[in-house]
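Values below: every heavy atom of this structure, side chains too, minus hydrogens, waters and symmetry copies.
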Amino acid sequence: MNIITFSLHTQQQLLATSFKGDPNSDVSYSFIPGSIIRGAIIGRYMKQHQLSELDLSNDTVKHLFFCANSTCYLNGYLRSSQESKRTLPIPRSWFKDKDAELGDKSPEITAYDFSIPDRENELETPKFVGEGFWTEEGGYVRFYKEKRRINIHNQRDRKKGRSTPIKRDPQTKQLKGEGEIFSYEAIDAGQTFEAVILCSSEDNVKLLKDLLQLSPELWLGGSQSAGYGYTKIDHINCHDAWDEVSISIEERIDNDSFTITLLSDMILRDEWGQYAVIPPSAQHEVSVPLIKELEKILGVEPQPKRSFTSSTLVGGFNRKWGLPLPQVPALAAGSVFVFDKVSITPKQIQQLETYGIGERRVEGFGRVVVNWLEKADFQAKQPETTNSIQPTLKQEASRSLAAEMAEKLLLQKLEQTLQKQMGYSGIRGEISNSQLSRLLLVARQALTTGDCDLVLSLLENLPDNARGQFERAKIGVYKDSLKLKLDEWLRNPMSWISNPQDLTVSIAEIERSITGKFSRENKLAEKYTLRLIMAVAKKAMKEEI
């Protein structure tokens, strides 16, 4: 197989939706799925050839995009910061002590591989090291974790360009209309992923490389019109020989046991054609799909000893149909299966690792590695932090100008956040304009100094009638008590800011953030909280009129 490797730099947040999270949220995978990469390249192919749809009878199209024995689009995994290598999913046979956690106080921990015999007796309270990615750098195993960003959105009418009031259907008693709140948990911008395409034909390699080089800009994933999915392609390289792991096949032939480790999710069907995630076990009484697949290649039925597995749901979206793909159970990446020793040849290992096992292999599913894990225990660390590549400002005038620019940009972001929050914070219920006017007046007095205690004192010393109005009035889409919500905002001025990490601005080495020294000295959180209270009070008074 010929190999094309390339890097994907996320310029915007990327949403590759998985089946995690609650119904009101979309949670992205921790990597860029091969199916998304394939879809983006198909889009380029159709644009280059001015096609409205693909001709599935065309041999070139079939071999490029739909034949797993010709082309495979592997998942884009995080690239390591120190040696710029493609990381791999953490094996599920790796355990640590329950109380061992990587951090500033403990920069290094000892981990154990329970797939090695007798290792499971090393720990009294073992715990899986956790999901993520890893690579070996500087004699240590480095654990990598993708950075994520959570954004809050509200549903809107596409024609009107705004949300419409939510009303309860008198028959079904269900709420209908736009305005519902939902969230996206996406891969954050500023990260680099390493993607791979395996191709059996040199002619197809040239075609794919030309498609990748058409433009460095590539759009991936969902909600692209809402500011998601902008990435840049870089470091496009072709290789005659390439392995997902650094250990040669010859070193992995003679092993005490036969081990299979999944480098991506694997989709299998049982003998009745049903999707199955049955892990092999020494006492298995039913047909295990993985064992049957291995038997086809090895010529013998491997006898299972132990396994460390997890299952997941996979799906996808077909842009041609405009519909989601069926949800399918799969064995999760990182699962480890240990069998009795079997006689295996380099050719059989190469076949397993090149073509994979199971369905949807063209999209990167079913990637496996044979007899890979060999260390019974090892030292693990977090990645080393990289130095900033931003320029250093030497002149004081330049630093002052950069600080002023950063402060203005931070205030601009705060204004945008305030406007957005106002849309969620309408007041409903019976509260008189006189009480709202009183709240507005005291908040305006407190704004000059940022003293939230002044408004808190007002709320705590209200007469019974006024207190009742504030308690009965509701605010926001969740209809919280107005008094309780005001207390929450005033006692914790950051509570209404859903993503404080977004309120950070860096120019050269000058940084300004809502949690930084500049904001604390100027009481920005307190002042903008008071402005929010003033804004919602004014809005309620106008609506009452």
Any idea how Phe114 and Phe95 line up, ring-wise: parallel (<30°), tilted (30 to 60°), or perpendicular (>60°)? parallel
Has Ser18 got a side-chain atom pairing as donor or acceptor with Val27's backbone, closer than 3.5 angstrom? yes
Determine yes or no for a side-chain-to-main-chain donor-acceptor pair under 3.5 angstrom, with Asn204 supplying the side chain and Leu64 the backbone. no
Glu353 vs Arg252, test: salt bridge (charged side-chain N to carboxylate O under 4.0 Å, His left out). Steps then yes/no. CA-CA 12 Å; Glu353 296 182 352; Arg252 295 185 275 126; 2.5 Å; yes
Check for a donor-acceptor pair, side chain of Asn75 on one end and backbone N or O of Pro33 on the other, with a separation under 3.5 Å. no
Identify, with sequence neighbours excluded, every residue that meets side-chain hydrogen bond (donor to acceptor under 3.5 Å, both in side chains) alongside Thr192. His9
Using 4.0 Å as the upper bound for N to carboxylate O, is an ion pair formed by Glu146 and Arg148? yes
Enter the distance from Thr5:OG1 to Ile3:CD1 here, rounded to the nearest 0.5 Å. 9.0 Å
Spatial distance of atom CG (Leu218) from atom OG1 (Thr231) [nearest 0.5 Å]: 4.5 Å
From OH (Tyr77) to CG (Leu8), nearest 0.5 Å: 14.0 Å
Taking it one step at a time, do Tyr45 and Leu208 satisfy side chain to side chain contact (heavy atoms under 4.5 Å, CB included)? CA-CA 9 Å; Tyr45 180 87; Leu208 289 170; over 6 Å; no
Can you establish whether the number of heavy atoms outside Gln395 located under 6.0 Å from its atom CD is more than 12? no
Donor-acceptor contact present, side-chain Ser223 to main-chain Ala226, <3.5 Å: no
Could you tell me whether the side chain of Ser201 and the main chain of Asp203 form a donor-acceptor pair under 3.5 Å? yes
Looking at Lys147 and Asp188, is any side-chain nitrogen of the basic one under 4.0 Å from a carboxylate oxygen of the acidic one? no
Partner residues of Glu136 under the salt bridge (charged side-chain N to carboxylate O under 4.0 Å, His left out) criterion, sequence neighbours left out: Lys375
Please tell me if the side chains of His239 and Asn2 come closer than 4.5 Å, counting only heavy atoms from C-beta onward. no
Around atom CG of Asn58, are there more than 12 heavy atoms from other residues, nucleotides or ligands closer than 6.0 Å? yes
Set of residues satisfying side-chain contact (heavy atoms from CB on, under 4.5 Å) with respect to Gln224, sequence neighbours excluded: Trp219, Arg319
Verdict with supporting geometry, Tyr184 and Tyr228, ring pair (Phe, Tyr, Trp, His ring centres under 6.0 Å): CA-CA 10 Å; Tyr184 284 162; Tyr228 292 84; 5.4 Å; yes
Taking only distance into account, with no hydrogens and no angle test, what donor-acceptor pairs under 3.5 Å do side-chain atoms of residues 326-338 form with protein atoms, sequence neighbours excluded?
{"from": "Ser335", "atom 1": "OG", "to": "Ser310", "atom 2": "N", "distance (Å)": "3.4"}
{"from": "Ser335", "atom 1": "OG", "to": "Ala332", "atom 2": "O", "distance (Å)": "2.8"}

Do Lys517 and Glu511 sit within salt-bridge range, that is, some charged N less than 4.0 Å from a carboxylate O? no
Under the side-chain contact (heavy atoms from CB on, under 4.5 Å) rule, collect the residues that match up with Pro216, sequence neighbours excluded. none
Does a side chain donor of either Glu194 or Ser7 reach within less than 3.5 Å of an acceptor in the other side chain? yes
Exactly one of Thr259, Asp256, Ile247, Asn255 clears side chain to side chain contact (heavy atoms under 4.5 Å, CB included) with Glu374, and that residue is Ile247
Could you give all pairs that pass the salt bridge (Lys or Arg N to Asp or Glu O under 4.0 Å) test and reach residues 53-67, with sequence neighbours left out? Glu53-Lys320, Asp59-Lys62
Output all residues satisfying side-chain contact (heavy atoms from CB on, under 4.5 Å) with Glu359, sequence neighbours left out; order by chain, then residue number. Ile267, Arg269, Tyr275
Could you check whether the rings of Trp94 and Phe143 sit parallel, tilted or perpendicular, using 30° and 60° as the cut-offs? tilted
Quick test of your reading: applying salt bridge (Lys or Arg N to Asp or Glu O under 4.0 Å), list the pairs with at least one residue in residues 210-227, sequence neighbours left out, ordered by first then second residue. Lys206-Asp210
Are Ile291 and Pro302 close enough that some pair of their side-chain heavy atoms sits under 4.5 Å apart? yes
Is the backbone N or O of Ile297 less than 3.5 Å from a side-chain atom of Gln348, with the two atoms forming a donor-acceptor pair by type? yes
Any sub-3.5 Å donor-acceptor pair from Arg361's side-chain atoms to Gly358's backbone N or O? yes
Given 3.5 Å as the limit, does a donor-acceptor pair link the side chain of Arg149 with the main chain of Ala189, or not? no
Hey, does Leu352 have a side-chain heavy atom less than 4.5 Å from the side chain of Leu294? yes
Side chains of Val141 and Lys381: closer than 4.5 Å at any heavy-atom pair? no
Any carboxylate oxygen within less than 4.0 angstrom of a Lys/Arg side-chain nitrogen, looking at Glu244 and Arg86? yes
Distance check, rounded to the nearest 0.5 Å: Thr71 atom OG1 versus Phe65 atom CZ? 8.5 Å
Can you measure from NZ (Lys292) to CD1 (Ile357) and round to the nearest 0.5 angstrom? 14.5 Å
Glu202 atom CD: more than 12 heavy-atom contacts under 6.0 Å: no
Donor-acceptor check, side chain of Arg44 to backbone of Leu211, threshold 3.5 angstrom: yes or no? yes
Does some side-chain heavy atom of Glu131 sit less than 4.5 Å from a side-chain heavy atom of Ser30? no
If the condition is side-chain hydrogen bond (donor to acceptor under 3.5 Å, both in side chains), which residues does Lys413 pass it with, not counting sequence neighbours? none
Go through the steps to decide whether Asp113 and Ser93 satisfy the test side chain to side chain donor-acceptor pair (under 3.5 Å), and finish with yes or no. CA-CA 6 Å; Asp113 187 352; Ser93 61; 2.8 Å; yes
Do Ser519 and Leu410 make a side-chain contact, defined as non-hydrogen atoms from C-beta onward lying under 4.5 Å apart? yes
Do Ser28 and Glu185 have side-chain atoms, one donor and one acceptor, less than 3.5 Å apart? no
Residues Phe339, Ser257; criterion side chain to side chain contact (heavy atoms under 4.5 Å, CB included); working and verdict: CA-CA 6 Å; Phe339 302 88; Ser257 58; over 6 Å; no
Within the structure provided, determine whether Ile187 and Phe193 are in side-chain contact (heavy-atom separation under 4.5 Å). yes
For Arg512, the salt bridge (charged side-chain N to carboxylate O under 4.0 Å, His left out) test, sequence neighbours excluded, returns Glu407
Name all residues meeting the side-chain contact (heavy atoms from CB on, under 4.5 Å) criterion together with Thr135; count only those two or more places apart in sequence or in a different chain, and write none if there are none. Ser80, Lys85, Thr87, Glu137, Tyr144
CG of Asp243 to OG of Ser248, rounded to nearest 0.5 Å, is 8.5 Å
Using salt bridge (charged side-chain N to carboxylate O under 4.0 Å, His left out) as the criterion, list what pairs up with Lys232, not counting sequence neighbours. none
